Protein chains: 2
Amino acid sequence: MTNNRQSIKKATISDVAKLAKTGKTSVSRYLNGEFGILSATLKERIEQAIKELNYRPNQMARSLKKGQTKLIALILADITNPYSVEVMKGLEAACQDNGYTLLVCNINKEKAKEKYFLQLLMDYNVDGVIIHALRTQDSILRDLPFPVVLVDRRMSDLGYDIVGLDNIQATTLASNYLIDSGFEAIIFITESLTGVGTRQERVNTFKKIVKQQKGIVGEVVEIEDMNQQTELLDQHIVSFCQKCRGMRKAIVTVNGSVTLHVSLALKRLNIIWGKDIGLLSFDDPVWASVAGVGITTLRQPTYKIGYSSFEMLHRRMQGDHSEAKEYLYPGELIIRDSTN
Amino acid sequence: MTNNRQSIKKATISDVAKLAKTGKTSVSRYLNGEFGILSATLKERIEQAIKELNYRPNQMARSLKKGQTKLIALILADITNPYSVEVMKGLEAACQDNGYTLLVCNINKEKAKEKYFLQLLMDYNVDGVIIHALRTQDSILRDLPFPVVLVDRRMSDLGYDIVGLDNIQATTLASNYLIDSGFEAIIFITESLTGVGTRQERVNTFKKIVKQQKGIVGEVVEIEDMNQQTELLDQHIVSFCQKCRGMRKAIVTVNGSVTLHVSLALKRLNIIWGKDIGLLSFDDPVWASVAGVGITTLRQPTYKIGYSSFEMLHRRMQGDHSEAKEYLYPGELIIRDSTN
DNA sequence: CTGTTAGCGCGTTCAA
DNA sequence: TTGAACGCGCTAACAG
């Protein structure tokens, strides 16, 4: 059997018109639901012809004509990140609910691709774009020909709408929980902070809270590249443990990826979370409950974030030119045995 | 500051032609790299005009005219599955290397969406489609207007190319490893087998190997819905342990998702892998090394699978009508402490 | 080497 | 109520 049978030519609107013995215009009207101006019999004939030819309108032609493609795009830094995938699922649902198709663009952490995709999306005339975790400061980000919504604040203000976690609320919740649970020394471990507003907010809030509490030791460690600098990570953990000997210690990780790296480090160092040290993670990876005794996490309403980012975009696509807004959702603490 | 400034009208090929004082044809030739037929001065003028207007060709118009969109699509059952995401990354890289854009369609395990997406892709005239884990037996799958490549064999033979893991090699490798390591009773746990060729192949190979070995107890458990039937899973594990009391026991899980469920079950039952029972998982989830003592896995060459699925598709898109082929890649055993 | 012309499939005047 | 004709932005056939 042979593959690739382009032989099946698709019927066009003209074919339908011919078969229904009418003009393309009426068919077009039928397609667009303007039934008020169609006689019952014509409508019937067209219906019949469409079914017979198995006709489906060509979206490309339609897009060209109407100037809107019903395509929207999601640009994300790293599709390996489960958080991003969750957001994507919410977004996807919203798209389908509204007749839009989602184009997923994975930057894959390669800076060059940011521009590449933005250009591409302009070339394809997408109706709108949702950007998650973009870092470029390129001027291309100004005056884009389509509306943009940002998931998580990541760059200097460009006047775009923002949807994301309420980092202040979430960090406060997590920090206070640890303190109330009797932890006396807390180290906050993060990846590169440059250009990533989300992480900055978490770090800053953490610092502020710790400072307000007397007798609590708070420390922040920033490691540029977790994949490369494993020894550095190990060293920081070790020296933290030594410095705070005798105190109840805990680690907070800024996101799921860091949590994985820290878990690996603790295994290497033979430090057991839930027993030798506390552990609390932003994001709620699926494996959080099977990793050792389980890891306490701060879960984000990812699905909702994805879904409502579409809603904001949709408003813009329909011509809403009002001031840029921020929609921040609260996080939820999922308590497991790493912090008991 | 206001968002959504569609005000910036994009320049068209006519604008460029006018500014360069020439016809659209020459501009088009320039765009398509046919420099052999362009005088140096004209080329120069066009180049200048394009830069000045910041012109970029409209892909929609181009697609309409040429009948090819440079769009290909990936249809997958569940984007939450890390295996699928890995495949996607390979595919994505291949697309970019060849100037194609990838459309990701997530079925999300909702059967109705399979047809929906296939229709959609026809409407958008994509050049080709890669299908991962589709289950429909709908006639729509025959005579599609674009070439198709299947990742993992999942349905009755439709004459499409197939790329995936060599399940026989992989299962043999895994099973023999367990037997050689001294395990005497092995239970193979899988999700629903109906319509999923990949899982069937793994199960069948497992059965065959176990039967050949004297003194080895082999058992297969199929659980339809892992999310709903957690008690059932627990029961099966418990009864297996009772039945095979005194023997060295191991569990094999058919994929990463099942591994997660089984890990959770073992935690509930307070059975410790690597000590009370062996555990070996198809797929290699990122968390395999932080779950308890670590989980031995059978890693698939996911990236390569994704990349080469594009290559096969590409050949078809260029008109190769030869017989459908199968490309199967071997798996690799990653040994951790769950099977020592 | 270059420009004019005719569509690709569809939506939208405008006149009947 | 209906349909003919034009054009969206681009490429290709055909003349020059």
Side-chain angles (χ1 to χ4, degrees), chain A residues 6 8-47 49-50 53-71 120 122-127 145, chain B residues 6 8-47 49-50 53-71 120 122-127 145:
Chain A
Q6 270 93 344
I8 303 104
K9 272 159 218 117
K10 300 172 60 171
T12 76
I13 199 173
S14 302
D15 298 332
V16 176
K18 215 173 296 168
L19 185 59
K21 298 192 195 315
T22 175
K24 304 188 296 181
T25 313
S26 299
V27 181
S28 175
R29 287 193 181 119
Y30 175 88
L31 293 174
N32 292 298
E34 301 166 31
F35 301 123
I37 4 177
L38 282 181
S39 68
T41 76
L42 218 199
K43 182 181 168 193
E44 182 64 35
R45 292 209 315 273
I46 294 177
E47 214 148 39
I50 288 182
L53 293 172
N54 209 334
Y55 168 74
R56 310 212 94 224
N58 180 326
Q59 283 298 333
M60 289 296 169
R62 198 176 258 203
S63 302
L64 180 58
K65 184 68 201 174
K66 304 236 292 192
Q68 61 152 310
T69 53
K70 287 283 182 178
L71 245 29
L120 190 76
M122 297 177 59
D123 296 348
Y124 274 99
N125 267 319
V126 300
D127 293 342
Chain B
Q6 269 92 344
I8 302 105
K9 271 160 219 114
K10 298 171 63 171
T12 76
I13 198 171
S14 302
D15 298 334
V16 176
K18 215 173 295 168
L19 185 59
K21 297 190 196 314
T22 174
K24 302 191 293 182
T25 313
S26 297
V27 180
S28 175
R29 288 194 180 114
Y30 175 89
L31 294 174
N32 292 297
E34 301 166 32
F35 300 124
I37 0 177
L38 282 181
S39 69
T41 75
L42 218 200
K43 182 180 166 192
E44 183 63 37
R45 293 212 311 276
I46 294 177
E47 212 148 39
I50 288 182
L53 293 172
N54 208 335
Y55 168 74
R56 309 213 93 222
N58 180 328
Q59 283 297 333
M60 289 295 169
R62 198 177 260 204
S63 301
L64 181 57
K65 181 69 199 170
K66 305 236 291 190
Q68 60 152 314
T69 52
K70 286 283 183 179
L71 244 31
L120 189 77
M122 295 177 57
D123 296 349
Y124 274 100
N125 267 320
V126 300
D127 293 343

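Every chain is numbered from 1 and lettered A, B, ... according to where its sequence line falls, protein lines coming before strand lines. A quick note: this is a predicted structure, and the numbers were derived from the prediction, not measured.
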For the side chain to side chain donor-acceptor pair (under 3.5 Å) test, which of Lys10(A), Gln59(A), Arg56(A) pairs with Asp123(B)?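 Of Lys10(A), Gln59(A), Arg56(A), side chain to side chain donor-acceptor pair (under 3.5 Å) with Asp123(B) is met by Arg56(A) alone.
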Nearest 0.5 Å, please: how far is [atom2] in [Y] from [atom1] in [X]?
X	Y	atom1	atom2	answer
Leu31(A)	Ser26(A)	CG	OG	10.5 Å
Ile13(B)	Lys24(B)	CD1	NZ	7.0 Å
Thr22(B)	Ile46(B)	OG1	CD1	5.5 Å

Just how far, in rounded Å, is [atom2] of [N] from [atom1] of [X]?
X	N	atom1	atom2	value
Tyr124(B)	dC10(C)	OH	P	14 Å
Tyr30(A)	dC10(C)	OH	C1'	17 Å
Leu38(B)	dT2(C)	CG	P	6 Å
Leu31(A)	dG11(C)	CG	P	6 Å
Gln68(B)	dT11(D)	CD	P	11 Å
Lys70(B)	dT11(D)	NZ	C1'	15 Å
Asn125(B)	dG9(C)	CG	C1'	10 Å
Lys18(A)	dG9(C)	NZ	C1'	13 Å

What nucleotide among [options] has an atom nearest to a side-chain atom of [X]?
X	options	value
Thr12(A)	dG9(C), dT11(D), dG3(C)	dG9(C)
Lys66(B)	dT11(D), dG3(D), dT1(D)	dT11(D)
Leu64(B)	dC8(C), dC10(C), dG3(D)	dC8(C)
Ile37(B)	dT1(D), dT2(C), dC10(D)	dT2(C)

When you match Arg56(B) and Lys43(A) each to their closest nucleotide on DNA chain D, which lands nearer the 5' end?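 It is Lys43(A) whose nearest nucleotide is closer to the 5' end.
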On DNA chain D, does the nearest nucleotide to Lys24(A) precede the nearest nucleotide to Leu42(A) from the 5' side, or the other way round? Give the residue.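 Going by which nucleotide is closer to the 5' end, it is Leu42(A).
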Under 4.0 Å, heavy atoms only, any strand: does [X] hit a base, just the sugar-phosphate, or nothing?
X	result
Ser26(B)	sugar-phosphate
Gly36(B)	sugar-phosphate
Thr22(B)	sugar-phosphate
Ser28(A)	base

Whichever of Ile13(A) and Arg45(B) has its nearest DNA chain C nucleotide further upstream toward 5':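 Closest to the 5' end, via its nearest nucleotide, is Arg45(B).
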Provide the closest heavy-atom pair for Thr69(B) versus Tyr124(B) in the form atom of the first, atom of the second, distance.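 Scanning both residues, the minimum pair turns out to be CG2-O, 3.6 Å.
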Under-4.0 Å side-chain N/O to phosphate OP1/OP2 contact, [X] with [N]:
X	N	value
Arg62(B)	dG9(D)	no
Arg29(B)	dT11(D)	no
Asn58(A)	dC8(C)	no
Tyr55(B)	dC10(D)	yes
Ser39(B)	dT2(C)	yes

Between Asn32(A) (side chain) and Glu34(A) (backbone), is there a donor-acceptor pair under 3.5 Å?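 Answer holds: no.
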Determine whether any donor atom in the side chain of Lys65(B) lies under 3.5 Å from an acceptor atom in the base of dG9(D), or the reverse, and answer yes or no.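 Not at all, since no donor on one side and acceptor on the other fall under 3.5 Å apart.
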